[in-house]
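Everything below concerns the one structure shown next.
These numbers were taken from a predicted model, which means no experiment stands behind them.
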Amino acid sequence: MSSSAVARAWRRSLRDALLRGSSWRGAPAAARPASTASASEAAAGATAGPKKVPPHPRKGRLLTGAMIGLAIAGGAYVSTADEAKFCGWLFKSTQLVNPLFALLDAEFAHRLAVIAASHGFVPREKRPDPSVLGLVVWGRNFTNPIGLAAGFDKNAEAVEGLLGMGFGFVEVGSVTPLPQEGNPKPRIFRLRDHRAVINRCGFNSEGIVVVAKRLGAQHGKRKMEETSSSTSPSTNDVKQGGKAGPGILGVNLGKNKTSEDATADYVQGVHTLSQYADYLVINISSPNTPGLRKLQGRKQLKDLVKKVQAARDEMQWAEDGPPPLLVKIAPDLSKQDLEDIAAVALALKLDGLIISNTTVSRPTPADTHPLAQEAGGLSGKPLFDLSTNVLREMYILTRGKIPLIGCGGVSSGDDAYKKIRSGATLVQLYTAFAYGGPALIPSIKAELAECLERDGFKSVQEAVGADFR
């Protein structure tokens, strides 16, 4: 696409944004249930009309003005710059907005970020990923191994925008069968000095019916684009892109807080959402749902995985087969716990493990921050060493026979590289993205490519588990 074409597209996007301005400003209240409210609240909001956005309307207006200002500046800049330079400038410019997000309540800032991504008010990566970052996992082509962990886009509202920012894959959820509000607010706390977050959200979700409708619409759009494309289908066994577009889409499944049959909840999630997923995740490791982590026991995990696998396999699938099934585990596990999980994963030929969820431990000394004793899961930089040690142990226990996704405390390309050398095939981040914004994505990918090339690796796959060779 020429720079003039980019300029025209940019001006059209800006015009549409300005025309929709009043409705967009009301969106946080109307769309609030997507990650912070129940379906009943959504119905009440629909009948009562848009509400003012709490708790910082003035700051929200300033943030909206700043984003539109960046759009105007971008429109001027694109007229004289080629697409790659403009794309780089646009990602860097988002750093100007980050301090404004930091002024907002943590959950409100998160909600605003999801809305921005769902409406296309985020930069779109036009530059190809370095070839050294490409890899094939589960017969699917990943342009890079950097993914967005579950928890950011809980209700699959912003998949296209998030993949468009350059993530190799995006995982939505956790999605519960029935809508639920989650735990009382406040439930998200920033620990800025530690570049960390404590959350006790408790699987706030709009439920599988709402999420299925969104994913179904995205899947239909993707199929129409493939049908109308003049490109002939590939004859190899590697699936190009995913069910939601050029990137890979994971769907993370959770259980309802009041459910007495966890297995039935996960099976229902599989039956409803697996047709839209490039891979599925059984989340049994959140510390914010009572009793959930007990499912990591050897017998409980074996029974659960067998029934979920059977539910997936009994469905009718096309030539590419059913989506891979993964389990997300906690970092707060004993050596015996890890051995039990590895044994189940190998015996049942699980397609992968995500290591790890948040931790219930706290930074040392724990009294260095007034919020450090808040209940909930800790994510961010303090989680890096703990989750990486668990990753290394699991790589040894599984002998590298199943793909592992390293998650926890990744904030740089060097961090991602350490996860890969420790046994991760893919890497996820979340908290660092909340602090660093879109500019972090190309930065991590560029730094990871430099690390690989510096040490003589021709691909990510070559570097997986390198510390053990």
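Cation-pi geometry between Lys419 and Phe384 is met: the NZ or CZ atom falls under 6.0 Å from the ring centre, inside 45° of the normal.
For Arg399, the side chain to side chain donor-acceptor pair (under 3.5 Å) criterion is met by no residue, not counting sequence neighbours. Residues meeting the salt bridge (Lys or Arg N to Asp or Glu O under 4.0 Å) test with Asp153, sequence neighbours left out: none. In this structure Tyr266 satisfies the side chain to side chain donor-acceptor pair (under 3.5 Å) test with no other residue, sequence neighbours excluded. In this structure, the salt bridge (Lys or Arg N to Asp or Glu O under 4.0 Å) partners of Lys445, at least two apart in sequence or on a different chain, are Asp129.
Counting only residues at least two apart or on different chains, the ring pair (Phe, Tyr, Trp, His ring centres under 6.0 Å) pairs with a member in residues 279-334 are Trp138-Tyr279. Residues in residues 447-469 take part in these ring pair (Phe, Tyr, Trp, His ring centres under 6.0 Å) pairs, two or more places apart or across chains: Tyr395-Phe468.
Between the CG atom of Leu148 and the CE atom of Met165 there is a distance of 7.5 Å, given to the nearest 0.5 Å.
The existence of a salt bridge linking Arg421 and Asp455 is confirmed by a sub-4.0 Å separation between a basic side-chain nitrogen and an acidic carboxylate oxygen. Of the charged side-chain nitrogens involved, none lies within less than 4.0 Å of a carboxylate oxygen, so that Glu447 and Arg454 do not count as a salt-bridged pair. Taking 4.0 Å as the cut-off between side-chain N and carboxylate O, Asp332 and Arg293 count as a salt-bridged pair.
For CD of Glu314, the number of neighbouring non-hydrogen atoms (other residues, nucleotides, ligands) closer than 6.0 Å is greater than 12.
Applying the side chain to side chain contact (heavy atoms under 4.5 Å, CB included) test between Asp278 and each of Leu249, Asp320, Val251 identifies Leu249 as the sole match. None of Arg190, Arg200, Arg187 except one satisfies the salt bridge (Lys or Arg N to Asp or Glu O under 4.0 Å) rule with Glu107; the exception is Arg187.
The aromatic ring centroids of His110 and Phe152 lie less than 6.0 Å from each other.
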